Number of protein chains: 2
Amino acid sequence: MEQYKRKEDCPLTFALTLIGSKWRLPIIWALWNGKILRYNELKRRIDGITNMVLSQSLREMENQGLILRKQYMEIPPRVEYSLTKDGEALIPSLESLAKWGKAMQNK
Amino acid sequence: MEQYKRKEDCPLTFALTLIGSKWRLPIIWALWNGKILRYNELKRRIDGITNMVLSQSLREMENQGLILRKQYMEIPPRVEYSLTKDGEALIPSLESLAKWGKAMQNK
DNA sequence: CTGGATCCTAGACGATACTG
DNA sequence: CAGTATCGTCTAGGATCCAG
């Protein structure tokens with residue numbers, strides 16, 4: 001395995017910056033289950049998240065290429081969110097990690 | 001896939017509480033490469049970590065079952081750290097995640 | 001309906017010094 | 001050598017209100 005002079009260069013550390021903060025996984029998870037969700041649908045599925053955090057997270061994740069944002073020019077406004085291909089590619093790793101987490105929980 | 005009423009019940013969220021904070025991965029990584037390391041060896045391999053953070057992280061990870069601490073009753077003191085079986089079981093998931101992270105970095 | 005702006009706090013993390 | 005103690009900093013996230 002390779003060594004990285006800076007932690008930031010490590011792909012694993014980099015991956016965690018994309019999914020490691022508090023609400024990232026719930027958002028990804030909701031989109032994985034919901035496939036395509038409007039803003040408020042998403043919000044309702046993620047218990048306890050505020051507008052502030054949700055909208056900000058979505059914007060960041062869009063910039064990072066995890067999430068697709070599609071805006072319809074209608075009144076009232078409609079915006080739909082979904083995972084990108086890259087975002088979906090993350091799922092198997094998460095399932096692997098979840099499997100380990102589940103084993104750890106049962107100890 | 002299952003739904004969890006509370007985020008804390010999700011095995012994936014739980015897994016991230018074990019490895020998600022700033023220095024957990026570097027520690028795990030150093031032990032994965034070093035197999036068995038004394039406190040100061042470990043510290044030298046993790047650039048920038050302080051005694052405070054390292055010792056505290058090690059104690060927590062020991063309690064969580066990720067790390068094994070073996071203390072020899074000698075003068076001067078010797079303490080060796082290594083990954084437990086459970087800690088080692090985490091590695092494949094991390095490698096999967098790292099692979100995804102690397103692909104994301106190259107975009 | 002889909003957010004943005006503002007203000008605030010807790011907890012993680014850092015720096016430095018010290019000890020059995 | 002292998003840690004603790006203490007104190008200071010800093011930022012992610014929470015609460016509330018507002019807007020196109």
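Side chains included, hydrogens not; waters and symmetry mates left out as well; all remaining heavy atoms used. No experiment lies behind these values; they were computed from the predicted model shown. We name chains A, B, ... by the order of the sequence lines, and we start the count at 1 in each one.
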With a 4.0 angstrom cut-off to heavy atoms of chain A, pull out the first and last contacting nucleotide of DNA chain D, in 5'-to-3' order.
-> dG13(D) to dG20(D)
Between [atom2] of [N] and [atom1] of [X], the distance in whole Å:
X        : N       : atom1 : atom2 : result
Lys43(A) : dG4(C)  : NZ    : C1'   : 14 Å
Glu60(B) : dG11(C) : CD    : C1'   : 12 Å
Glu74(A) : dT2(C)  : CD    : P     : 10 Å
Asn40(A) : dG3(C)  : CG    : C1'   : 9 Å
Leu42(A) : dC1(C)  : CG    : P     : 14 Å
Arg38(A) : dC1(C)  : CZ    : P     : 8 Å
Leu25(B) : dA12(C) : CG    : C1'   : 16 Å

Result for 5'-nearest mapping on DNA chain D, choosing between Ser21(A) and Tyr81(B), is Tyr81(B)
First encountered from the 5' end of DNA chain D, between Ser57(A) and Glu41(B) | Glu41(B)
So, [X] side chain and [Y] main chain: donor-acceptor pair closer than 3.5 Å or not?
X         : Y        : answer
Trp100(A) : Ile91(B) : no
Ser55(A)  : Asn51(A) : yes
Glu41(A)  : Arg38(A) : yes
Ser96(B)  : Pro92(B) : no
Thr84(A)  : Gly65(A) : yes

Shortest non-hydrogen contact between [X] and [Y], atoms and distance:
X        : Y         : answer
Ile28(B) : Met61(B)  : CG1-CE, 3.5 Å
Gly20(A) : Leu16(B)  : CA-CD1, 4.2 Å
Gln64(A) : Met104(B) : O-CE, 3.4 Å
Pro26(B) : Lys22(B)  : CD-O, 3.8 Å

Arg24(A) and Glu60(A) ion-paired at < 4.0 Å | yes
How many angstroms lie between NZ in Lys35(B) and CD in Glu88(B), if you round to the nearest 0.5 Å?
-> 6.0 Å
When we call it a touch if two heavy atoms are under 4.0 Å apart, what does Ser55(A) touch: a base, just sugar-phosphate, or nothing?
-> sugar-phosphate
Please work out if Arg24(A) contacts a base, only the sugar-phosphate, or nothing of the nucleic acid, heavy-atom cut-off 4.0 Å.
-> nothing
End-to-end bend of the helix from dC1(C)-dG20(D) to dG20(C)-dC1(D) (five-pair axes, 10° rounding)?
-> 50°
Arg69(A) vs dG3(C): side-chain N/O to OP1/OP2 distance below 4.0 Å = yes
Any luck finding a side-chain donor-acceptor pair between Tyr39(A) and Glu80(A) under 3.5 Å?
-> no
Going 5' to 3' through nucleotides 14-20 of chain C, assign each nucleotide B (protein heavy atom under 4.0 Å from a base atom), S (under 4.0 Å only from sugar-phosphate atoms) or - (no protein heavy atom that close).
-> SB----B
